[in-house]
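Beneath this line is the structure, given in structure tokens, with notes to follow.
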Amino acid sequence: MFADSLIERFFMRKNHQGFSTIEMVLVVVVVLLLVGLGYFFYKQKNKPTASTTKATSQTQTAVPDGTTQSIDSLTAQDAASEASIDSKYTTTEQNNAQSANSAASALGGSYNESSL
Amino acid sequence: MNRLSKLARTTSFGLAFAALLVTVPVAAHNGEDHSVKPAATKTNFCTAVGASTGKIKSSLSEAQSKTDAAINKRGLALSSDRAKWDAELKADRAKWDAQRQENFTKLEAKATTPEQTAAVKAYETAIIEATNTRRAANDAARTAFRNGVDAAVNTQKTAVNNQATAFTNSVTAAIAAAQASCTANPDDSANIRTTLQAALKTARESFSTNRKGDGGIGDTVKALAATRNTAIKANDAAFATATATARTTLKAAFGSTNI
């Protein structure tokens, strides 16, 4: 009897105004599914960065310490690191150098003579 | 099925209503340029010539101020980011120096005779000197790059200032001519208006053409960066040669290639 009452309440309501509980539950499930998928893809996207960091640290420890080979490796990494910093700031420098261009060009559009 | 179709219908109405709420104000806003509103009609142009041309002058002056502000901001950003760049390089070098020193200490521990100890010390000195030489050469290449960027920025700044001055002068002259014509012959309002519009259009288009011809300085910065990178590569190659010689000498002192 109780089960029949539940089924009637959830699936066979006579009142058709608004949404039933099962419809609301379905919407929540779909939203949770989308959030879950989004989180999964976000994690997947960030994964390679972590593995690259790991690979770099492995390279650093692969060479034995206190040898000319390890010192050569360090100097090579030193040079690569410096080049990487240069590259990053070159982009910034380029963006800074161009930053006033649009403001200067906007001067030409400061008025519309046809409005006179 | 009825509920599902009702759900779909309600959602469609909701989306359509939301789209309407967004598009109507946007469409209204994307119309004509509202920076200068019509101040005078064709018939009374000379009556309100002072007000309508005053608005144009004011808009031009405001845009000029924005350009000046952007140019000043650019100078500050270049200076601030270069300071960050230098600080990052300094910290990075300190980190590698510390790691290199750790390796030197371990290398010293391997020396068992005074000759070997002296050879390790000579090796360390050679590496440190080669590193300092390379860094100084790289810094010089970096300074040359920055000087080049500064020169390009200043050249462009001068060009923009000259173009803006010529533009402003043309506008001022056109407005003064229109005002003089209105005073001399107020009945010729329609022709004066047309002449002024043509002069303002020519001034505006001439400025825009000059700006396009002036071009951006992005390509100049790219070329300067390429020159700097070539110099740095050459410095790295010279460094590699110096360290190879030091390494060979050290190995000979130890009588082993396993050092």
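Computed from a predicted model, the values in this text were never measured in an experiment. Numbers restart at 1 for each chain; the letters A, B, ... are given by sequence-line order, proteins then strands.
Contact of the A:Ile71 side chain with the B:Arg247 side chain is not registered, since no non-hydrogen atoms from C-beta on lie closer than 4.5 Å. Looking at heavy atoms from C-beta onward, A:Tyr89 lies out of side-chain contact with B:Arg82 at the 4.5 angstrom threshold. Taking the side chain as every heavy atom from C-beta outward, A:Asn101 and B:Val160 never approach each other to under 4.5 Å. Between A:Gln77 and B:Gln99, every side-chain heavy-atom pair lies at or beyond the 4.5 Å cut-off. Proximity of A:Tyr111 to B:Lys57: side-chain heavy atoms (C-beta onward) are nowhere separated by under 4.5 Å. Contact annotation: the side chain of A:Asp86 approaches that of B:Trp85 to within less than 4.5 Å [non-hydrogen atoms, C-beta and beyond]. Considering only heavy atoms from C-beta on, A:Leu116 comes within 4.5 Å of B:Leu196 through its side chain. The closest side-chain heavy-atom distance from A:Asp65 to B:Glu102 is not below 4.5 Å.
Of the options B:Arg193, B:Lys201, B:Arg204, B:Gln197, a side chain to side chain donor-acceptor pair (under 3.5 Å) to A:Glu113 is made by B:Arg204 and by none of the others.
Judged as a salt bridge (charged side-chain N to carboxylate O under 4.0 Å, His left out), and not counting sequence neighbours, the contacts of B:Asp92 are B:Lys95.
For the set B:Phe239, B:Phe207, B:Phe104, B:Phe145, the count of heavy-atom pairs under 4.5 angstrom toward chain A peaks at B:Phe207. Of the residues considered (B:Leu60, B:Val153, B:Ile127, B:Asp236), B:Leu60 shows the highest number of contacts with chain A, using heavy-atom pairs under 4.5 Å. Ranked by heavy-atom pairs under 4.5 Å with chain A, the list B:Lys66, B:Glu62, B:Arg100 is led by B:Arg100. Chain B forms more heavy-atom pairs under 4.5 Å with one residue of A:Ala76, A:Ser99, A:Ala79 than with any other, namely A:Ala79. Chain A forms more heavy-atom pairs under 4.5 Å with one residue of B:Val149, B:Thr105, B:Asn72 than with any other, namely B:Val149. Of the residues considered (B:Lys233, B:Lys157, B:Glu88), B:Glu88 shows the highest number of contacts with chain A, using heavy-atom pairs under 4.5 Å.
Scanning all heavy atoms of the two residues, the minimum distance from B:Ser59 to A:Ser110 falls at CB-O, 3.2 Å. For the residue pair A:Ala103 and B:Thr67, the shortest heavy atom distance occurs at O-OG1, 3.2 Å. Looking at every heavy atom in both residues, B:Ser208 comes nearest to A:Gly108 through OG-CA, 4.3 Å. Taking both residues in full, the closest heavy atoms of B:Arg211 and A:Ser105 are given as NE-OG, 3.6 Å, listed atom of the first, atom of the second, then distance. Nearest approach of A:Thr90 to B:Ala225, heavy atoms of both residues: CG2-CB, 3.5 Å. Of all the heavy atoms in A:Ala97 and B:Arg74, the pair that sits closest is O-NH1, 3.0 Å.
Here B:Arg134 pairs with A:Asp78 in a salt bridge; the nearest charged N to carboxylate O distance falls below 4.0 Å. Ion pair B:Arg142/A:Glu82 flagged as a salt bridge, since at least one NZ, NE, NH1 or NH2 atom sits closer than 4.0 Å to an Asp/Glu carboxylate oxygen.
Checking B:Asp81 against A:Asn96 by side-chain atom types alone, a donor-acceptor pair falls below 3.5 Å.
Of the two parts of B:Leu89, the backbone and the side chain both hold a non-hydrogen atom closer than 4.5 Å to a non-hydrogen atom of chain A.
Interatomic distance, B:Phe167 CZ to A:Leu107 CG, rounded to the nearest 0.5 Å: 5.5 Å. In this structure, OG1 in A:Thr92 is found 10.0 Å from CG in B:Leu78, a value given to the nearest 0.5 Å. The CG atom of B:Asn229 sits 8.0 Å away from atom OG of A:Ser87, with the distance rounded to the nearest 0.5 Å.
Around NZ of B:Lys106, the count of heavy atoms belonging to other residues, nucleotides or ligands within 6.0 Å exceeds 12.
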